[in-house]
Amino acid sequence: MNKSEVIDKEGLNRLIQILIGRGYEVVGPTVRDEAIIYDQVFSIEDFPAGWTDEQEGGIYRLKKRSDEALFGYNLGPHSWKKFLHPPERKLWQAQKEGLDFDIIPEKPEHKKYAFLGARSCELHAVAIQDKVFMQGTHTDLHYQALRKNALFVAVNCGQAASTCFCVSMQTGPEVENGHDLVLTEVLDDKRHDFLIEAGSEAGKNILKEVKAKPAGEGDIKKTKEIIANTATQMGRKMDTENIKELLYENLNHLNWDKIAERCLSCANCTMVCPTCFCSTVEDVTDITGEHAERWQKWDSCFTMDFSSIHGGVVRNSTKSRYRQWMVHKLASWQDQFDTSGCVGCGRCITWCPVGIDLTQEVGLIRKSEPGQSGILSGNEGQNENS
Ligand code: SF4
Ligand code: SF4
């Protein structure tokens with residue numbers, strides 16, 4: 001077991017300075033555009049001190065806490081994928097030289113990111129993207145270069161949002177894997193400290209420089225209580241038993257039509273999802289035709305063009321696109337990557353403008369089992385969440 005130590009707010013500032021001194025670009029939580037956004041930070045002055053987030057299906061708002069907690073929020077719309085798998089990236093450019101073109105590939109970026117504030121479900125999401133980008137037939141060299149250099153300073157969640165269901169997905173709330181350091185914020189009338197523990201050799205090395213104090217038994221007990229309390233606060237739950245078979249056997253369930261009546265095919269759910277990885281490529285040329293560039297951009301299975309092949313679009317209805325997304329996420333992802341594609345972060349519920357909730361939709365399908373394709377009326381499926 002790794003040794004627990006304690007730092008105060010000054011110690012946290014020291015940690016940030018050490019990381020900057022070691023050449024990391026430190027990315028952490030900040031308040032921008034009335035949301036918690038991950039961005040470059042230079043000290044805890046940049047953190048969302050005293051802010052928390054209220055979330056529900058289709059609802060997100062920041063509100064003030066009664067204390068000055070630095071990690072007293074849950075998750076914002078951004079995930080760490082925006083850094084490791086950016087929304088837009090130039091792949092190569094071509095410059096006309098006489099009658100030919102010189103193709104100049106973009107070199108992988110070797111930036112060193114230190115991600116400060118990653119939650120357990122988010123570390124699981126990164127592990128899933130690692131499988132997709134680095135452990136398949138084709139390695140994404142850009143992702144690999146950034147990932148290899150990345151350092152994670154995780155945080156155990158001190159509270160859950162009403163859209164969280166990491167307990168159901170076995171991805172949280174306790175940080176167990178994938179971190180270099182992990183913090184637990186302890187805040188009451190008498191103290192504002194952070195328990196800190198290393199999760200890797202790199203983390204141990206950094207921790208030595210931080211000059212933390214050894215943790216007492218009371219500190220360790222407090223951490224356990226905080227995590228256990230968060231686990232009881234899950235606002236959603238999802239029964240994942242045989243979920244793959246459940247969804248495969250219900251591809252013609254009438255509930256897909258009901259969802260399609262509400263779904264706007266806006267793709268918000270895929271953009272905010274920390275595991276969604278699909279992209280497209282676009283070529284652009286300048287007006288003279290002497291310079292061309294190829295860009296990779298995030299794409300979504302909710303767009304019409306996404307399933308366009310010779311002869312037309314394969315999934316031309318909203319029903320087929322939503323079904324593709326949810327069945328992939330919760331079922332065929334298991335066949336493809338040997339893991340669920342969902343870590344229970346709840347972002348797709350919060351940021352869906354019409355509040356479509358996958359835990360509720362799975363509940364509706366499950367409650368009409370076995371073999372019925374009828375729609376359940378009223379709020380029966382919501383019992384899954386109550
Ligand atoms: S499907 Fe929804 S709840 Fe699951 S990881 Fe993606 S955004 Fe989070
Ligand atoms: S489920 Fe919601 S967020 Fe996703 S495409 Fe439909 S309307 Fe948009």
Side-chain angles (χ1 to χ4, degrees), residues 53 55-60 74-82 85 118-132 157 160-173 234-240 243-244 247 255-278 298-307 315-334 337 339-364 384-385:
D53 44 13
Q55 305 196 38
E56 245 315 322
I59 296 170
Y60 177 94
N74 285 287
L75 298 166
H78 287 180
S79 63
W80 310 102
K81 88 171 174 185
K82 99 171 175 174
H85 172 49
R119 309 305 174 100
S120 178
C121 66
E122 300 191 291
L123 294 174
H124 280 266
V126 171
I128 290 172
Q129 291 219 319
D130 287 353
K131 279 196 171 201
V132 175
C157 289
S162 70
T163 43
C164 290
F165 56 105
C166 64
V167 168
S168 298
M169 305 314 289
Q170 297 176 9
T171 56
M234 296 289 121
R236 299 287 198 277
K237 61 181 175 182
M238 186 155 70
D239 178 359
T240 57
I243 196 164
K244 186 172 90 171
L247 293 177
N255 198 44
W256 301 119
D257 295 285
K258 291 303 279 182
I259 300 170
E261 285 171 15
R262 290 175 289 147
C263 177
L264 308 171
S265 256
C266 67
N268 265 17
C269 46
T270 54
M271 297 294 112
V272 295
C273 179
T275 68
C276 278
F277 57 84
C278 287
W298 284 0
D299 202 356
S300 167
C301 50
F302 279 94
T303 67
M304 195 72 130
D305 280 352
F306 186 82
S307 68
R315 288 187 287 270
N316 56 16
S317 67
T318 297
K319 169 185 166 180
S320 61
R321 293 199 286 276
Y322 186 88
R323 182 179 57 194
Q324 150 65 26
W325 177 70
M326 200 169 95
V327 173
H328 186 213
K329 199 98 316 225
L330 300 172
S332 52
W333 205 295
Q334 294 185 39
F337 301 112
T339 174
S340 173
C342 175
V343 296
C345 73
R347 285 185 178 93
C348 58
I349 304 170
T350 299
W351 295 95
C352 173
V354 293
I356 294 174
D357 174 345
L358 81 172
T359 64
Q360 188 178 326
E361 303 308 337
V362 168
L364 282 165
E384 188 84 359
N385 299 320

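Because only heavy atoms are used, hydrogens play no part in the values below, and waters and symmetry mates are left out as well, while side chains stay in. Atoms within each ligand, like the ligands themselves, are counted from 1 in listed order. Position 1 is the first residue of the sequence; numbering continues from there.
- C121 is not listed as a side-chain neighbour of M169, based on a closest heavy-atom distance of 4.5 Å or more.
- No donor-acceptor contact under 3.5 angstrom links the side chains of S162 and Q55, judged on distance only.
- Residues C301 and H328 form no side-chain contact, since every pair of their non-hydrogen atoms from C-beta on lies 4.5 Å or further apart.
- Only the side chain of W325 comes within 4.0 Å of ligand 1, judged by heavy-atom distances.
- The distance from ligand 2 to the heavy atoms of C266 drops below 4.0 Å at these ligand atoms: 3 (S), 5 (S), 7 (S), 8 (Fe).
- Taking every non-hydrogen atom of S265 and a distance limit under 4.0 Å, the qualifying atoms of ligand 2 come out as 5 (S), 6 (Fe).
- Remark: the R321 side chain and the S265 side chain contain an N/O donor-acceptor pair separated by less than 3.5 Å.
- At least one heavy atom of V343 sits closer than 4.0 Å to an atom of ligand 1.
- Ligand-side atoms of ligand 1 in range of F165: 3 (S), range being under 4.0 angstrom from any heavy atom.
- With no hydrogens or angles considered, a side-chain donor-acceptor pair links T275 and K329 at under 3.5 Å.
- Taking every heavy atom of C348 and a limit of under 4.0 angstrom, the matching atoms of ligand 1 come to 1 (S), 2 (Fe), 3 (S), 7 (S).
- Between D305 and T303, the side chains place no donor N or O within less than 3.5 Å of an acceptor N or O (distance only, hydrogens not considered).
- With a cut-off of 2.8 Å, atom 4 (Fe) of ligand 1 has an N, O or S atom of C342 in range.
- Of the protein's non-hydrogen atoms, the one nearest atom 4 (Fe) of ligand 2 is C269 SG, 2.4 Å.
- Counting protein heavy atoms only, atom 7 (S) of ligand 2 is closest to L264 N, 3.1 Å.
- Every atom of ligand 1 is numbered from 1 in the order shown, and the set under 4.0 Å from a heavy atom of C273 is 5 (S), 6 (Fe), 7 (S).
- Salt-bridge formation is not detected for the pair E122/K81: no Lys NZ or Arg NE/NH1/NH2 atom is positioned less than 4.0 Å from an Asp or Glu carboxylate oxygen.
- Using a non-hydrogen distance threshold of 4.0 Å, W333 does not register as a contact of ligand 1.
- With 3.5 Å as the limit, one finds a donor-acceptor pair spanning the side chains of S320 and S317.
- Counted by atom type alone, H78 and K82 present one or more donor-acceptor pairs between their side chains at under 3.5 Å.
- Note: F277 and W333 have perpendicular aromatic rings, judged against thresholds of 30 and 60 degrees for the angle between ring planes.
- The existence of a salt bridge linking K258 and E261 is confirmed by a sub-4.0 Å separation between a basic side-chain nitrogen and an acidic carboxylate oxygen.
- Near C345, with a cut-off below 4.0 Å to any heavy atom, the atoms of ligand 1 are 3 (S), 5 (S), 7 (S), 8 (Fe).
- Annotation: the span from L264 atom CG to I356 atom CD1 amounts to 7.0 Å, rounded to 0.5 Å.
- In this structure, the protein non-hydrogen atom closest to atom 2 (Fe) of ligand 2 is C352 SG, 2.3 Å.
- Contact annotation: for M169 versus ligand 1, there are no heavy atoms closer than 4.0 Å.
- When each atom of ligand 2 is checked for a heavy atom of Y322 under 4.0 Å away, the hits are 1 (S).
- Looking only at heavy atoms of the protein, atom 6 (Fe) of ligand 2 is closest to C263 SG, 2.3 Å.
- Residue G346 approaches ligand 1 through these ligand atoms, each under 4.0 Å from one of its heavy atoms: 3 (S), 8 (Fe).
- Atom numbering of ligand 1 starts at 1 in the shown order; those under 4.0 Å from a heavy atom of K329 are 1 (S).
- Against a heavy-atom cut-off of under 4.0 Å, A267 is close to the following atoms of ligand 2: 5 (S), 8 (Fe).
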